[in-house]
Amino acid sequence: MEDFEVIEGNVTSPKGFLASGVFAGIKKSKKDFAIIYSEKKANAAAAFTTNKVKAAPVILDREKIANGEAQAIVANSGNANACTGQRGYEDACSMADMAAKHLNIDSGNVLVCSTGVIGVTLPMEKIAKGIELAVQSLSKDGGKEAAEAILTTDTFAKEVAVKFNIKGIEVKIGGIAKGSGMISPNMATMLSFITTDADISKSALDKALKNTVKRSYNMISVDGDMSTNDTVIMLANGVACNPTIEEGTKEYEVFYNALLYVNKYLAKQIAKDGEGATKFMEVNVVNAPTEDDAILAAKSVVNSNLVKTAIFGEDANWGRIIAAVGYSGADFSQDSVDIYLKSNKGLIKVCENGGYVPFSEDKAKEILSEKEISIIIDLNAGKYEALAWGCDLSYDYVKINGSYRT
């Protein structure tokens with residue numbers, strides 16, 4: 001039994017947080033500007049894209065987050081402010097400065113995020129309008145609007161919240177995320193904002209976020225492309241007034257498990273909303289010699305375009321699966337690998353001891369006809385396992401990305 005309870009909510013579920021999402025005109029008609037604001041300065045932690053090409057907001061936030069504190073996140077969609085040179089960096093700084101002025105807080109405590117088209121400078125008049133409107137619209141019920149405002153090609157908003165007790169005091173964690181394309185480990189064209197009213201030390205917060213990111217967002221793939229703007233930010237404002245959570249305690253484990261659920265949930269929602277996706281795919285590698293081997297194998301399979309297209313075509317082509325494991329870098333023996341396909345329609349073994357095993361193609365196709373598919377890969381080489389999530393690769397993915405800018 002988990003030590004937390006899933007509740008309806010998002011980033012404004014924890015005490016002391018306000019949010020908003022408004023239309024500033026960056027996109028043609030949909031909400032495109034969001035603010036998340038803590039009524040008191042919060043401890044902060046973040047994880048960013050590993051792409052060498054980093055958007056201006058990523059560069060700026062990496063500098064700002066060094067002191068482990070923040071009070072607000074401002075984010076726009078429709079324009080990534082990436083590959084925009086010194087002008088882009090100055091515009092990101094201006095976003096923070098303008099928001100700080102309207103919120104009456106220190107600019108150093110405002111983090112900035114952008115998502116959308118690469119290589120186009122920000123329309124700063126619209127950004128200024130968005131900041132003013134978003135600050136005016138801040139509310140305790142604004143988390144849903146913020147979740148909508150950060151979307152690009154997403155088809156639905158992604159939000160979640162949980163509650164749990166720390167020494168008898170109720171604590172909440174809430175989150176929103178966006179992501180649909182350019183989704184590949186490690187991190188992707190995705191933004192995720194997490195809030196908590198827990199009192200937790202900076203070091204414990206940073207450790208919890210980094211370790212849960214490794215097991216959630218870094219384990220999803222839509223198309224194998226890595227973005228320039230990936231950012232996960234977490235704010236902990238301590239308003240719940242629980243005893244401070246420190247590393248190595250039972251309270252830390254409770255907090256960690258709740259945060260892991262939140263980040264896994266949002267990561268899976270991103271994978272389910274992959275551009276043009278018709279199926280959600282979970283890859284479960286079991287009995288690996290080390291956790292790293294399990295992670296390598298799972299990520300390789302979920303990131304394989306050949307596996308993705310086979311899942312789209314409902315083709316039990318297990319050869320593509322074992323081939324992806326083979327080039328993953330994981331340590332295993334081919335002669336020990338078993339592969340299963342699973343869905344609500346049942347479970348079938350399609351590979352045994354690294355080779356052919358008789359199975360019903362009709363049954364396999366029936367299993368693959370479902371919307372959610374599980375690929376289980378048993379390396380029979382140890383006790384470690386890993387989960388990765390992704391989606392199929394369909395004709396619509398090409399249609400969407402063939403005209404992304406227009």
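As the structure is a prediction and not an experimental result, all values here were calculated from the model. Quick note: residue numbers are just sequence positions, from 1.
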Visitor: Check whether any side-chain N or O of Ser304 sits under 3.5 Å from a backbone N or O of Val301 as a donor-acceptor pair, and report yes or no.
Guide: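 Such a contact is absent between Ser304 side chain and Val301 backbone.
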Visitor: Please indicate whether Lys202 has more than 12 foreign heavy atoms, meaning atoms of other residues, nucleotides or ligands, lying under 6.0 Å from its NZ.
Guide: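 For Lys202, atom NZ is crowded (more than 12 foreign heavy atoms under 6.0 Å).
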Visitor: Under the side chain to side chain contact (heavy atoms under 4.5 Å, CB included) test, which residues partner Lys144, sequence neighbours left out?
Guide: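 If we apply the side chain to side chain contact (heavy atoms under 4.5 Å, CB included) test to Lys144, skipping adjacent residues, the hits are Asn10, Glu148, Glu159.
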Visitor: So with a 6.0 Å cut-off around CD of Gln86, is the heavy-atom count from everything else above 12?
Guide: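 Check passes, neighbour count above 12.
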Visitor: Report yes if some heavy atom in the side chain of Val58 is under 4.5 Å from a heavy atom in the side chain of Thr49; otherwise report no.
Guide: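 When only atoms from C-beta onward are counted, Thr49 and Val58 do touch, with a gap below 4.5 Å.
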Visitor: Are more than 12 heavy atoms from other residues, nucleotides or ligands located less than 6.0 Å from atom CD of Glu63?
Guide: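 Atom CD in Glu63 is packed in, count exceeds 12.
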Visitor: Quick check: does any side chain N or O of Asp206 sit under 3.5 Å from a backbone N or O of Ala45, one acting as donor and the other as acceptor?
Guide: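 Flag not set: sc Asp206 to bb Ala45 has no pair under 3.5 Å.
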Visitor: Check whether any side-chain heavy atom of Lys41 sits under 4.5 Å from a side-chain heavy atom of Ile105, and report yes or no.
Guide: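 No. Closest side-chain heavy atoms not under 4.5 Å.
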Visitor: Going by an N to O cut-off under 4.0 Å, is there a salt bridge joining Asp97 and Lys101?
Guide: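 No, no charged N to carboxylate O under 4.0 Å.
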Visitor: Is it the case that the side chain of Lys31 and the backbone of Ile150 share a donor-acceptor pair, with hydrogens and angles ignored and the cut-off at 3.5 Å?
Guide: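 Flag not set: sc Lys31 to bb Ile150 has no pair under 3.5 Å.
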Visitor: For Gly116, does its backbone N or O pair with a side-chain atom of Thr152 as donor and acceptor, under 3.5 Å?
Guide: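 No.
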Visitor: Would you check, one step at a time, whether the test salt bridge (charged side-chain N to carboxylate O under 4.0 Å, His left out) holds for Lys363 with Glu366?
Guide: CA-CA 5 Å; Lys363 181 61 178 177; Glu366 181 185 10; 3.6 Å; yes
Visitor: So Tyr261 and Phe4, would you call those rings parallel, tilted or perpendicular, with 30° and 60° as cut-offs?
Guide: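 The rings of Tyr261 and Phe4 sit tilted, inter-plane angle from 30° to 60°.
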Visitor: Any side-chain heavy atom of Lys264 sitting closer than 4.5 Å to one from Met219?
Guide: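 No; the side chains remain at least 4.5 Å from each other.
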Visitor: Quick one: salt bridge (Lys or Arg N to Asp or Glu O under 4.0 Å) pairs with a partner in residues 283-298, sequence neighbours left out?
Guide: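 Non-adjacent pairs meeting salt bridge (Lys or Arg N to Asp or Glu O under 4.0 Å): Arg215-Glu291.
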Visitor: More than 12 heavy atoms of other residues, nucleotides or ligands under 6.0 Å from OH of Tyr384: is that the case?
Guide: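 Result for OH/Tyr384: open.
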Visitor: Hydrogens and angles aside, do Ser201 and Glu246 bring a side-chain donor and acceptor to less than 3.5 Å of each other?
Guide: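 There is such a pair between these side chains.
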Visitor: To the nearest 0.5 Å, what is the distance between CZ (Arg87) and CE (Met124)?
Guide: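 With rounding to 0.5 Å, CZ (Arg87) is 8.0 Å from CE (Met124).
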Visitor: Does any N or O in the side chain of Ser20 come within less than 3.5 Å of the main-chain N or O of Gly142, such that one atom is a donor and the other an acceptor?
Guide: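 A pair under 3.5 Å: no.
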Visitor: Does this structure show an ion pair linking Lys15 with Glu39, if we count only N-O contacts that are shorter than 4.0 Å?
Guide: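 No salt bridge links Lys15 with Glu39.
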Visitor: Restricting to side chain to side chain contact (heavy atoms under 4.5 Å, CB included), what partner residues turn up for Lys250, sequence neighbours left out?
Guide: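 Expected list: none.
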Visitor: Tell me, do Ser107 and Lys64 make a side-chain contact under 4.5 Å, heavy atoms counted?
Guide: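 Ser107 reaches Lys64 side chain to side chain.
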Visitor: Tell me whether Ser300 contacts the main-chain N or O of Leu296 through its side chain, where contact means a donor paired with an acceptor under 3.5 Å.
Guide: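 Such a contact is absent between Ser300 side chain and Leu296 backbone.
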Visitor: Within the structure provided, determine whether Pro123 and Asn79 are in side-chain contact (heavy-atom separation under 4.5 Å).
Guide: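 SC-SC contact between Pro123 and Asn79 confirmed.
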Visitor: Supply the atom-to-atom distance Met95 CE to Phe33 CZ, rounded to the nearest 0.5 angstrom.
Guide: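 Reported to 0.5 Å precision, the distance equals 4.0 Å.
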Visitor: With heavy-atom distances below 4.5 Å as the criterion, would you say the side chains of Phe17 and Ser38 are in contact?
Guide: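 Phe17 vs Ser38: side chains touch.
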Visitor: If you take all heavy atoms of Gly168 and Asn165, which pair is closest and at what distance?
Guide: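 Taking Gly168 first and Asn165 second, the nearest heavy atoms are N-CB, 4.4 Å.
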Visitor: Run through Leu259, Ile173, Thr196, Val171 and flag the one making a side chain to side chain contact (heavy atoms under 4.5 Å, CB included) with Val162.
Guide: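 When Leu259, Ile173, Thr196, Val171 are each tested with Val162, the side chain to side chain contact (heavy atoms under 4.5 Å, CB included) holds only for Ile173.
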Visitor: If you measure from OG1 on Thr195 to OH on Tyr37, what distance do you get to the nearest 0.5 Å?
Guide: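 Rounded to the nearest 0.5 Å, the OG1-OH separation comes to 14.5 Å.
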Visitor: Looking only at non-hydrogen atoms, find the nearest pair between Ala99 and Ile131 and report the distance.
Guide: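 Minimum heavy-atom separation between Ala99 and Ile131: CA-CG2, 3.7 Å.
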Visitor: Taking Asp32 for the side chain and Ala24 for the main chain, is one N or O donor matched with an acceptor at less than 3.5 Å?
Guide: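 Yes, Asp32 side chain to Ala24 backbone: donor-acceptor pair under 3.5 Å.
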Visitor: If you take all heavy atoms of Lys349 and Phe359, which pair is closest and at what distance?
Guide: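 Minimum heavy-atom contact is O-CB, 3.6 Å.
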Visitor: So which atom in Pro57 and which in Cys113 form the shortest heavy-atom distance, rounded to 0.1 Å?
Guide: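 Heavy atoms only, the tightest pair is CB-CA, 4.0 Å.
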Visitor: Mark yes or no for whether Lys268, through its side chain, and Glu282, through its backbone, hold a donor-acceptor pair below 3.5 Å.
Guide: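 Looks like no, no N/O pair under 3.5 Å.
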Visitor: Checking Asn229 side chain against Ala80 main chain: does a donor-acceptor pair fall under 3.5 Å?
Guide: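 Present.
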Visitor: Work out which heavy atom in Phe156 is nearest to a heavy atom in Gln269; give both atom names and the distance.
Guide: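 That closest heavy-atom pairing would be CE1-NE2, 3.4 Å.
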Visitor: When you check the side-chain N and O atoms of Thr115 and Lys178, is any donor under 3.5 Å from an acceptor?
Guide: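 A donor-acceptor contact under 3.5 Å links the two side chains.
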Visitor: Find the distance between CD1 (Ile373) and CD1 (Ile367) and round it off to the nearest 0.5 Å.
Guide: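 Ile373 atom CD1 to Ile367 atom CD1 measures 8.5 Å (nearest 0.5 Å).
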Visitor: Report yes if some heavy atom in the side chain of Glu69 is under 4.5 Å from a heavy atom in the side chain of Asn109; otherwise report no.
Guide: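 Counting from C-beta outward, Glu69 and Asn109 do come under 4.5 Å.
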Visitor: As an exercise, state the distance from CD of Glu361 to CG of Asp315, rounded to the nearest 0.5 Å.
Guide: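 Here the rounded value is 7.0 Å.
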Visitor: Just how far is it from atom CG of Leu18 to atom CG of Leu103, taken to the nearest 0.5 Å?
Guide: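 These two atoms lie 9.5 Å from each other.
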Visitor: Test Val307 against every option in Asn317, Ile321, Leu393 by the side chain to side chain contact (heavy atoms under 4.5 Å, CB included) rule and name the one that passes.
Guide: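 Answer to the side chain to side chain contact (heavy atoms under 4.5 Å, CB included) test with Val307 among Asn317, Ile321, Leu393: Ile321.
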Visitor: Under the 3.5 angstrom rule, does the side chain of Asp392 hit a backbone N or O of Thr278 as a donor-acceptor pair?
Guide: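 Indeed, once roles are kept as given, a pair shorter than 3.5 Å links the two residues.
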Visitor: Would you say that Asn76 contacts Lys126 through its side chain, given a criterion of any heavy-atom pair below 4.5 Å between the two side chains?
Guide: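 Side-chain contact under 4.5 Å: no.
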Visitor: What closest approach, in Å, do Ile376 and Leu347 show between heavy atoms, and which atom pair accounts for it?
Guide: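 For Ile376 and Leu347, the tightest heavy-atom pair comes out as CD1-CD1, 4.1 Å.
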